[in-house]
Amino acid sequence: MDAALHDWSLTPKQAIALQSQLAKQLEADDRIDPVTHIAGVDIGFEEDGSITRAAVVVLAWSPEQAPPLTVVEQVVHREPTRMPYIPGLLSFREIPAALGAFAQLKTRPQLVMVDGQGIAHPRRLGVAAHLGLWLDLPTIGIAKSRLTGRHADVGEARGDWVPLMAGQEVIGAVLRSRAQVKPVFVSPGHRLSLATSLDWVMRCLGKTKLPEPTRLADRLASRRDQKRATASQTHTTASR
DNA sequence: GCGACAG
DNA sequence: ATCTTGTCGC
């Protein structure tokens with residue numbers, strides 16, 4: 001077995017305790033600067049998972065310009081994978097690489113959208129929330145599936161949503177971001193309310209199910225699209 | 001004790 | 001997450 005995959009800096013027990021502590025530091029109210037740039041973050045893997053690849057895309061935002069938004073910067077950062085995937089502890093696996101990518105950014109966004117949960121997490125510290133604390137920036141989690149919480153059925157029209165509940169607590173929303181397509185799970189991370197989080201996700205929605213920031217980060221982080229980009233660059237170069 | 005379980 | 005061809009639809 002690969003020793004590197006077991007080189008944990010924290011035991012699961014320690015990580016869980018830390019999550020409960022960090023969750024107390026989250027701000028649930030809106031505290032966001034005027035938005036000119038929005039970042040999208042996603043993580044992918046190479047070499048059977050031994051390499052973690054973090055992708056960050058920064059888009060220009062203005063109230064006038066509806067999607068598609070303009071890409072102003074993008075970074076891909078690679079480093080050895082430190083932890084296996086354990087449901088509930090995703091942030092410890094993904095955040096180190098994400099921070100590596102952010103360190104290379106020239107632009108500091110006012111808002112960050114992350115592929116994964118915000119507070120819709122057993123201890124209210126999904127990867128989007130955790131990253132928000134590290135960056136001290138407003139973050140939103142947009143997940144493609146559910147980690148925790150219960151919810152009613154969502155309407156079929158774009159924009160329909162129902163609350164995601166943990167007992168009596170609202171921890172996010174199940175949003176029909178595109179008609180007839182499986183809904184996404186939106187939850188605030190740090191420094192944002194659910195209502196504001198939903199507003200921003202709706203505003204960044206293009207023609208697809210995912211908002212532009214995470215859709216583009218997703219593309220950059222995925223192995224297949226890396227090949228696609230490389231191939232088209234080769235074509236461009238060859239045709240000149 | 002038995003399932004469920006982001007990426 | 002990732003391994004993967006074709007195929008249905010705008």
Side-chain angles (χ1 to χ4, degrees), chain A residues 2 4-5 8 12 15-16 19 22-23 26 40-56 68 76-101 112-133 139-151 158 164-167 171-175 177-190 197 201 205-211 213-228 231:
Chain A
D2 193 335
L5 288 181
W8 295 52
I16 286 171
Q19 287 180 325
L22 290 177
L26 290 174
V41 192
D42 190 31
I43 273 67
F45 298 89
E46 303 173 0
E47 306 297 312
D48 282 309
S50 61
I51 299 294
T52 299
R53 183 164 77 210
V56 179
V76 174
H77 169 78
R78 262 171 263 251
E79 62 174 55
T81 301
R82 321 188 178 197
M83 283 205 202
Y85 167 68
I86 297 175
L89 300 182
L90 180 67
S91 63
F92 295 94
R93 173 170 163 88
E94 298 196 340
I95 281 185
L99 292 176
V112 180
M113 295 191 183
V114 184
D115 193 324
Q117 314 289 350
I119 61 170
H121 176 279
R123 292 164 294 281
R124 309 293 175 265
L125 196 82
V127 60
H130 200 161
L131 186 61
L133 289 176
T139 52
I140 302 172
I142 298 98
K144 297 182 288 296
S145 63
R146 187 193 70 93
L147 172 61
T148 190
R150 299 172 53 82
H151 65 87
R158 181 193 189 87
L164 180 62
M165 309 293 295
I171 57 176
V174 185
L175 170 70
S177 51
R178 183 172 184 193
Q180 315 295 321
V181 173
K182 190 153 76 89
V184 294
F185 293 75
V186 176
S187 57
H190 188 37
S197 300
V201 169
L205 238 32
K207 294 187 173 185
T208 53
K209 154 184 171 171
L210 295 177
T214 53
R215 184 182 70 83
L216 294 172
D218 235 303
R219 258 183 20 171
L220 252 194
S222 86
R223 187 78 185 103
R224 179 205 276 178
D225 267 59
Q226 191 61 30
K227 286 180 178 174
R228 192 179 297 174

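So that the names make sense, note that chain A is the first sequence line, chain B the second, and so on, each numbered from 1. Treat the numbers as computed from the prediction; the structure is a model and nothing was measured.
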Taking every heavy atom of A:Lys209 against every heavy atom of A:Val184, the minimum-distance pair comes out as CE-CG1, 3.5 Å
| Between the side chains of A:Ser50 and A:Thr81, is a donor N or O closer than 3.5 angstrom to an acceptor N or O? | no
Heavy-atom nearest pair, A:Pro122 first then A:Thr148, reads N-CG2, 3.9 Å
So, with a heavy-atom separation below 4.0 Å from DNA chain B, the residues of residues 123-133 of chain A are A:Gly126, A:Val127
query = What is the nucleic acid contact for A:Gly141, judged by heavy atoms within less than 4.0 Å: base, sugar-phosphate only, or nothing?
reply = nothing
Q. So, the side chain of A:Arg53 versus the backbone of A:Phe45: is there a donor-acceptor pair under 3.5 Å, distance only?
A. no
Whole-Å distance, A:Ile51 CD1 to C:dA1 C1', equals 15 Å
Rounded to the nearest 0.5 angstrom, the CG-CG distance for A:Leu133 and A:Leu26 is 4.5 Å
*Is the ring centre of A:Phe185 under 5.5 Å from the base ring centre of B:dA6, and are the two planes under 30° apart, so that they stack?*
no
A:Arg219 atom CZ is separated from B:dG7 atom P, nearest whole Å, by 19 Å
For DNA chain B, consecutive-pair runs of 3 or more (Watson-Crick or G-U wobble, both H-bond-type distances under 3.5 Å) give none
Note to self: Between A:Lys182 (side chain only) and A:Lys144 (backbone N and O only), is there a donor and an acceptor less than 3.5 Å apart?
What the structure shows: yes
Requested in this report: May I ask you to verify if any side-chain N or O of A:Lys144 is less than 4.0 angstrom from the OP1 or OP2 atom of B:dA6?
Outcome: no
A:Arg93 CZ to C:dT2 C1', in whole Å, measures 11 Å
From the candidates B:dA6, B:dC5, B:dG7, the one with an atom nearest any side-chain atom of A:Arg146 is B:dC5
note: A:Glu47, atom CD; C:dT2, atom C1'; distance rounded to Å ~ 12 Å
To the nearest angstrom, the CG-P distance between A:Asp218 and C:dA1 comes to 7 Å
A:Thr139 and A:Ala128 have their tightest heavy-atom pair at OG1-O, 2.8 Å
Taking every heavy atom of A:Asp115 against every heavy atom of A:Thr214, the minimum-distance pair comes out as N-CG2, 3.9 Å
### Message
Using OP1 and OP2 only, check whether a side-chain N or O of A:Ser91 sits under 4.0 Å from B:dA6.
### Response
no
A:Ile95 CD1 to B:dA6 C1', in whole Å, measures 13 Å
Nearest heavy-atom approach of A:Met83 to A:Arg93 is O-NH1, 2.5 Å
Rounded to whole Å, CZ of A:Arg178 lies from P of C:dC10 at a distance of 10 Å
note: A:Asp115, atom CG; B:dG7, atom C1'; distance rounded to Å ~ 7 Å
Under the rule of Watson-Crick or G-U wobble with both distances under 3.5 Å, where | means paired to another strand and [ ] a crossing pair, DNA chain C maps to ..........
- Query: Has the side chain of A:Gln117 got a donor or acceptor atom that lies under 3.5 Å from a matching backbone atom of A:Ser145?
  - Reply: yes
Practice item. Say whether, by atom type as modelled, one donor and one acceptor occur between the side chain of A:Gln19 and the main chain of A:Gly88 under 3.5 angstrom. Key: yes
For A:Ala129 and A:Gly118 the tightest heavy-atom approach is CB-O, 3.8 Å
- [ ] Please state whether the phosphate of C:dC10, meaning OP1 or OP2, lies under 4.0 angstrom from any side-chain nitrogen or oxygen of A:Lys207.
- [x] no
